[in-house]
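Here the structure is laid out as structure tokens; the discussion comes afterwards.
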Number of protein chains: 2
Amino acid sequence: MGAMSNVERAVSALRQMIFAGELPPGSDHLETELAEKLGMSRTPVREAALMLQAQGLVEMRPRRGIRISPVSAEDMAEIYDILTELESLAAARAAEAQYSKADLATLATAIRDMDAALGADDLRAWAEADDRFHRELVRLGRNARLSMVVSVMRDQVRRARATTLFMRPKPKQSNEDHRVVYQAIARGDAQTAHDTHHAHRQAARDMLVALLEKHQFHGL
Amino acid sequence: MGAMSNVERAVSALRQMIFAGELPPGSDHLETELAEKLGMSRTPVREAALMLQAQGLVEMRPRRGIRISPVSAEDMAEIYDILTELESLAAARAAEAQYSKADLATLATAIRDMDAALGADDLRAWAEADDRFHRELVRLGRNARLSMVVSVMRDQVRRARATTLFMRPKPKQSNEDHRVVYQAIARGDAQTAHDTHHAHRQAARDMLVALLEKHQFHGL
DNA sequence: TTATGCATTAATGTATACACAAATGGATGC
DNA sequence: GCATCCATTTGTGTATACATTAATGCATAA
């Protein structure tokens with residue numbers, strides 16, 4: 001069977017519950033509660049919570065339980081700033097790496113899927129493909145630490161996206177940007193790949209932050 | 001007395017031992033050993049190790065003990081790439097923030113101290129002031145998550161610096177760069193602050209990586 | 001009525017016990 | 001002599017027990 005430890009199970013279960021909104025941002029949960037809910041003892045739950053705390057998903061406060069970190073508009077601004085810089089660097093590095101068309105297949109597929117989803121008005125499918133594009137882009141940048149930092153930040157974004165996805169304008173410019181980045185990487189143009197992606201992310205940041213502020217999600 | 005938990009004690013003790021080279025990179029240590037050495041049970045040691053693992057300082061591998069992460073030249077290249085982007089962003093944001101001269105006092109002091117240390121040929125003092133400069137720069141950028149990521153990365157750099165500090169050329173250009181960045185921030189010139197710091201870090205990166213590669217520190 | 005102090009309660013931090021699984025060494029067969 | 005299998009050992013993962021300490025509520029006094 002799955003050679004999965006209880007700690008690992010706890011980490012994915014808690015993550016899932018957090019992303020699904022079952023554990024809402026700002027809510028507190030005793031170690032014992034969570035342990036019982038997950039059918040294990042406190043020990044693995046505590047260790048899982050420590051890991052999630054290191055990723056900024058929860059905060060452990062003595063005697064007040066495990067708090068699901070709230071995500072404010074200010075937090076999102078911070079996070080997008082980091083994503084903007086690091087993903088843009090990844091794009092540039094990917095361009096420098098002289099990948100073949102075959103190496104870039106996943107990227108191309110993601111772009112096609114986003115187009116299709118946009119045509120079908122399927123925002124969930126679009127978000128999934130968008131995620132895939134960005135994840136692959138970072139992978140191609142070949143910096144393991146950068147990938148890790150970005151994935152932690154993207155986890156936070158995902159939590160806010162559940163709320164905002166259906167409020168934002170159709171991501172049409174977005175697909176155009178992705179295509180330009182893809183082509184720049186394919187022909188080894190690091191500068192264009194970097195700058196285009198940078199502008200892309202910055203626009204997304206400004207849009208999202210404005211949206212969150214307008215809807216008073218200062219503490220989500 | 002000190003309201004410090006055993007976990008906190010374990011974290012700082014282990015960090016100190018790692019930075020001091022008492023626990024050399026690549027070495028393995030059983031949880032029981034460390035627990036005995038620190039005079040506590042396995043539980044807090046385990047929790048401390050989990051935290052340090054999240055920061056990339058150690059790796060926990062079942063039955064093989066807690067391994068002090070080695071730092072290779074490739075790792076350093078990754079780390080400096082991240083530092084370059086994030087610190088440059090912090091420099092730009094600091095410039096945008098329109099700080100007063102008084103707000104920038106710590107920065108100015110650090111620069112003066114570096115000059116003095118350079119004149120006195122005191123490399124340790126120079127490194128300390130350099131650290132202070134970069135830490136303050138990031139703080140002025142006002143992005144808590146960025147500060148955290150940068151501080152984790154800088155911890156890794158510090159480990160390698162112990163080895164390389166006395167091999168590198170005198171950091172003369174470095175001081176000049178810092179001064180330019182400082183002045184750009186003082187007059188609110190985000191672009192110059194960003195670009196100058198970016199070039200500064202990139203040069204440091206190339207120098208350090210070349211040095212590490214030359215000396216075959218592929219796995220430190 | 002409100003503030004203050006104390007007793008109570010209960011959650012965490014830490015120690016310890018134990019089962020399981022992986023690594024090790026030796027014995028056996030080729 | 002070398003490889004393979006099994007017994008043994010040992011470290012970890014998890015459960016549990018317990019002491020400490022902070023929060024809560026109640027009583028008392030201003």
Side-chain angles (χ1 to χ4, degrees), chain A residues 1-18 22-70 148 152 219, chain B residues 1-18 22-70 148 152 219:
Chain A
M1 278 283 277
M4 208 172 169
S5 76
N6 273 351
V7 178
E8 291 171 296
R9 259 189 291 278
V11 167
S12 27
L14 290 176
R15 282 175 56 93
Q16 193 154 5
M17 289 193 280
I18 290 171
E22 194 177 335
L23 302 178
S27 61
D28 289 323
H29 307 272
L30 299 180
E31 294 177 4
T32 317
E33 281 179 43
L34 293 176
E36 190 171 6
K37 185 158 10 197
L38 300 179
M40 57 184 76
S41 84
R42 274 178 55 217
T43 309
V45 172
R46 246 181 99 81
E47 297 195 355
L50 280 171
M51 292 182 181
L52 296 177
Q53 180 173 47
Q55 298 173 15
L57 285 180
V58 308
E59 296 152 45
M60 296 174 77
R61 296 184 312 170
R63 318 222 128 241
R64 319 208 57 171
I66 294 162
R67 158 158 298 182
I68 312 304
S69 302
M148 188 145 308
V152 166
Chain B
M1 280 287 274
M4 208 174 167
S5 75
N6 273 351
V7 177
E8 291 172 296
R9 260 189 290 277
V11 167
S12 30
L14 290 176
R15 281 176 57 92
Q16 193 154 5
M17 289 193 280
I18 291 172
E22 194 179 334
L23 302 178
S27 61
D28 290 321
H29 308 272
L30 299 181
E31 294 177 4
T32 318
E33 280 179 43
L34 294 177
E36 191 170 5
K37 185 160 5 199
L38 300 180
M40 55 184 77
S41 85
R42 275 178 54 218
T43 308
V45 171
R46 246 182 100 79
E47 297 194 356
L50 280 170
M51 292 181 180
L52 296 177
Q53 180 173 47
Q55 298 173 15
L57 284 180
V58 309
E59 296 151 44
M60 295 172 78
R61 297 184 312 171
R63 309 200 63 77
R64 319 207 58 172
I66 294 162
R67 158 159 297 183
I68 312 303
S69 303
M148 188 146 307
V152 167

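Scope of the values below: all heavy atoms of this structure, side chains included, with no hydrogens, waters or symmetry mates. The sequence lines fix the lettering, A, B, ..., with proteins before strands; numbering per chain opens at 1.
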Starting from P on C:dT14, measure out to CD on A:E31 and report it in whole angstrom. 12 Å

A:H29 NE2 - C:dA10 C1' separation (whole Å): 18 Å

Please give, in whole Å, the distance from C:dG13 C1' to A:L30 CG? 15 Å

Distance-only donor-acceptor test (3.5 Å): side chain A:R42, base C:dG13: yes

So which atom in B:M17 and which in B:L38 form the shortest heavy-atom distance, rounded to 0.1 Å? CE-CD2, 3.8 Å

Salt bridge (Lys or Arg N to Asp or Glu O under 4.0 Å) evaluation trace for B:D28 with B:R64: CA-CA 7 Å; B:D28 290 321; B:R64 319 207 58 172; 5.6 Å; no

Expressed in angstrom and rounded to an integer, what is the separation of A:M4 atom CE from D:dT14 atom P? 11 Å

Toward the 5' end of DNA chain C, by each residue's nearest nucleotide, B:R63 or B:N6: B:N6

Does the C:dA11 base have a donor-acceptor partner in the side chain of A:T32 within less than 3.5 Å? no

Can you check the A:E59 CD to C:dT12 P distance for me, whole Å? 15 Å

Between A:E31 and A:R42 (salt bridge meaning N to carboxylate O under 4.0 Å), is one present in this structure? yes

Please give, in whole Å, the distance from C:dA15 P to B:E36 CD? 13 Å

Is the shortest side-chain N/O distance from B:R46 to OP1 or OP2 of D:dG13 below 4.0 Å? yes

Within the pair B:S41 and C:dA15, is there a side-chain N or O less than 4.0 Å away from OP1 or OP2? yes

Provide, to the nearest angstrom, the distance between the CZ atom belonging to A:R61 and the P atom belonging to D:dA23. 10 Å

To the nearest angstrom, the CG-P distance between A:D28 and D:dT24 comes to 11 Å

Minimum-distance nucleotide to B:M40 side chain [options: D:dA15, C:dG13, C:dA15]: C:dA15

Would one find more than 12 heavy atoms of other residues, nucleotides or ligands at under 6.0 Å from atom CD of A:E33? yes

Atom of A:P62, atom of A:M60 and distance for their closest heavy-atom approach: CD-O, 4.0 Å

Whichever of B:G65 and A:R64 has the more 5' nearest nucleotide on DNA chain D, that residue is B:G65

Along DNA chain D (nearest heavy atom to each residue), the more 5'-positioned of A:E47 and A:P62: A:E47

